[in-house]
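Report on one structure; see the data block that follows.
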Amino acid sequence: MWRRKTAIVGLGGIGVLIFVALAAPWIAPYQPAAQDLSNILAPPVWAGGDWTYPLGTDALGRDVLSRMIYGARSSVLISAFAMLIGATLGLLTGLIAGFFGRFVDTLIMRLGDIQLALPFILIAIVILGMMTERAPIHLIVVLGIPAWIVYARVVRARTLAEREQDYVRAAETIGARPLRRMFRYVLPQVRSVMPAIALIDLSHLVVMESTLSFLGFGLTSPHVSWGQILADGRQNMVVAPWLPVLPGVAIMLTVLCINLAVEGMRSKVEPRRRWWSTGWRRLGAKRAAPNGPAGPEASTVPAAPAGPSATTSASVADEARAAPTPDDVLLDVRGLSVEFPAAEGRAVQAVRGVSFMVGRGKILGIVGESGSGKSVTSYALLRLLSAPGRVNAGSAVFDGVDLLRVPERAMRRIRGRRIGMIFQNPVGSLNPVLTVGYQMIEAIRTNRDVERDTAVRLAEKVFRDVGFADPAHIMKQYPFRLSGGQNQRVMIAMTMAIEPELLLADEPTTALDVTTQAQVLDQLRRVRDEHGTSIMIISHDIGLIGEIADEVVVMYAGEVCESGPTERVLREPRHPYTQALLESVPRPEAGIDTELRSIPGELPDPTRDPVGCPFAPRCAAAMDVCRTHDPQPSVLGVGWSAACHLYSDERSEVTRR
Ligand SMILES: Nc1ncnc2c1ncn2[C@@H]1O[C@H](COP(=O)(O)OP(=O)(O)OP(=O)(O)O)[C@@H](O)[C@H]1O
């Protein structure tokens with residue numbers, strides 16, 4: 001709200017300035033060079049002068065008000081046109097450098113470096129000093145051309161990220177020429193950075209133009225600029241102090257208004273800073289790049305959906321994909337595949353054709369050992385994969401919207417606001433230099449249109465809800481002053497305050513002691529029960545998933561090996577991997593003497609496409625077919641399936657080892 005108000009003030013000021021600049025010939029009472037020699041250094045009205053010259057006159061008897069008005073005209077026109085030249089050159093060169101890369105990029109960027117190393121003001125003085133007559137066009141060219149590098153650097157960086165996007169590659173495969181790809185696919189994504197840079201550049205140009213005029217290298221008479229008025233006024237500062245003050249104040253107010261407008265525009269052109277932004281940062285700066293599947297033309301690999309519609313047949317899976325998602329399903333992920341291209345044309349296949357559903361108001365647990373693809377799955381859903389990771393197949397329909405294909409702008413409105421995330425390391429996910437109260441209020445106000453007082457009250461309420469007896473005290477604390485459990489509860493409180501429909505919790509209790517773990521799980525249940533939030537919780541601890549989840553998805557080597565209602569899967573695990581996972585954690589019903597077993601062997605090399613079942617080399621029940629054929633999910637009960645040959649129709653034809 002505050003940001004919006006300051007932006008309105010800034011834009012209002014700029015609007016007034018533009019009006020004055022354009023209407024100068026009509027609103028200025030005199031010509032700027034007209035002299036009244038009988039009224040030299042007449043004082044302004046507040047210093048005893050009369051209304052003939054409201055701002056007084058200068059040493060040549062010229063009306064200061066008229067000169068200020070015409071000065072605004074010069075300053076605005078010169079700065080605006082110089083900005084347009086710089087922005088156009090910078091946008092084109094940045095786009096070309098980023099898009100074509102290699103030699104072109106090196107050449108353009110080194111030219112930029114050379115230019116930045118040169119003292120701009122001295123060069124401008126030399127060039128302008130060689131001219132006896134200086135009109136606005138001369139200043140526009142001298143100020144405008146060097147500004148290109150400011151734009152080019154930012155545009156290049158954006159272009160570098162954007163050209164890697166699958167939809168740009170897809171355009172290439174359908175034959176779109178480079179210039180078309182550059183202007184039609186990349187340019188619309190990168191141009192959003194321009195308004196904010198242009199405004200910053202504008203304020204810089206206003207100051208530069210005034211500085212050059214002040215130094216005597218600006219416009220020559222009859223043109224007038226604020227810098228010139230300032231320079232003239234300096235000579236009579238003792239007898240007429242208002243003369244240098246008036247243009248000084250005008251320059252200062254102009255720069256202030258532009259900066260206020262920039263501040264407001266930042267929220268429009270940059271992704272909004274959210275409470276979890278530090279969390280994203282933890283994942284690596286490049287994660288924020290959108291990485292949906294390869295555009296509308298992307299092929300999707302048929303994959304059998306798990307859950308209620310899981311079958312053994314790919315064709316039935318296709319039918320299921322076409323079927324509308326039931327109303328009680330909030331998130332429907334089908335055939336999700338993610339890869340990380342590696343050296344020598346290889347790729348880490350982190351997630352392979354994963355399908356699952358998250359019901360409204362339900363908790364889904366995703367379990368599997370380290371490296372099984374759990375986290376990558378959740379990052380893919382939020383389109384926060386670290387580069388060069390990309391989704392190469394699948395869909396993830398969240399409340400009717402495919403998260404993997406929705407435009408990035410719409411995705412920004414979904415992330416945080418509709419889908420929240422809790423990270424493994426809560427301390428690292430909070431900004432260490434801001435109090436948790438500040439971060440909480442910022443989170444609320446970024447995502448909900450409420451006044452500060454309301455946000456504070458809401459913050460106190462949710463902090464109380466997550467078990468802080470004295471919310472006011474907690475809100476004054478910095479994250480490092482709180483324990484891991486307290487920080488995790490802060491993160492949960494932030495999520496509760498924003499009330500997303502879906503909460504992704506990646507190992508939310510890993511760093512916590514058992515008592516605090518229980519408290520955090522309790523909080524998550526309360527979020528579900530009181531707000532109806534659906535939760536997708538990721539853990540390597542199947543015992544923990546058993547405690548909290550309604551449905552469970554067991555992942556191994558990037559694939560779903562078993563999924564279904566938690567109670568059934570944990571009571572009668574069918575997939576040998578699920579069984580092995582359960583045998584590796586203590587269970588109350590197993591008895592005190594039961595020995596915990598570790599799973600022998602290790603995960604297969606993710607850069608190699610596994611032949612047959614990926615778990616076969618570690619599976620005590622492996623059969624010959626397991627080493628040659630990929631098992632398809634077999635339905636075991638309502639919403640329960642396992643991808644294991646033990647339950648496939650062919651099992652009678654194969655020999656147990
Ligand atoms: N940035 C990356 N570059 C290359 N490979 C990656 C990258 N991030 C993840 N992977 C690979 O993706 C696979 C799945 O990783 P993921 O982090 O999803 O596993 P996980 O089951 O969440 O494990 P953990 O519990 O340890 O986080 C692993 O083989 C991992 O090496």
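Both backbone and side-chain heavy atoms feed into the values below; hydrogens, waters and symmetry mates do not. Numbering of residues begins at 1 and proceeds along the displayed sequence. Counting starts at 1 for both ligands and their atoms, in listed order.
Atoms of ligand 1 found under 4.0 Å from any heavy atom of E507, numbered from 1 in the order shown, are 25 (O). Listed by number with element, the atoms of ligand 1 under 4.0 Å from a non-hydrogen atom of S372 are 19 (O), 20 (P), 21 (O).
Residue G373 places at least one N or O, backbone or side chain, under 3.5 Å from an N or O of ligand 1. Polar contact with ligand 1: present for V376 (N/O pair, distance under 3.5 Å).
Under the 4.0 Å criterion applied to side-chain N and carboxylate O atoms, D105 and R102 are not assigned as salt-bridge partners.
Screening D399, D328, D550 for a salt bridge (Lys or Arg N to Asp or Glu O under 4.0 Å) with R360, the sole residue that qualifies is D399. Of the candidates V552, D506, I363, I363 is the only one forming a side chain to side chain contact (heavy atoms under 4.5 Å, CB included) with I537.
Closest heavy-atom approach to atom 28 (C) of ligand 1 among the candidates P604, G371, S378, G368: G371. When the options S375, A347, A350 are ranked by their closest heavy atom to atom 13 (C) of ligand 1, first place goes to A350. Nearest to atom 25 (O) of ligand 1 by heavy-atom distance, out of E369, K374, Q349, is K374.
In this structure, the side-chain hydrogen bond (donor to acceptor under 3.5 Å, both in side chains) partners of R153, at least two apart in sequence or on a different chain, are D113. For E559, there are no salt bridge (charged side-chain N to carboxylate O under 4.0 Å, His left out) partners at least two apart in sequence or on another chain.
To the nearest 0.5 angstrom, L364 atom CG is 11.0 Å from I535 atom CD1.
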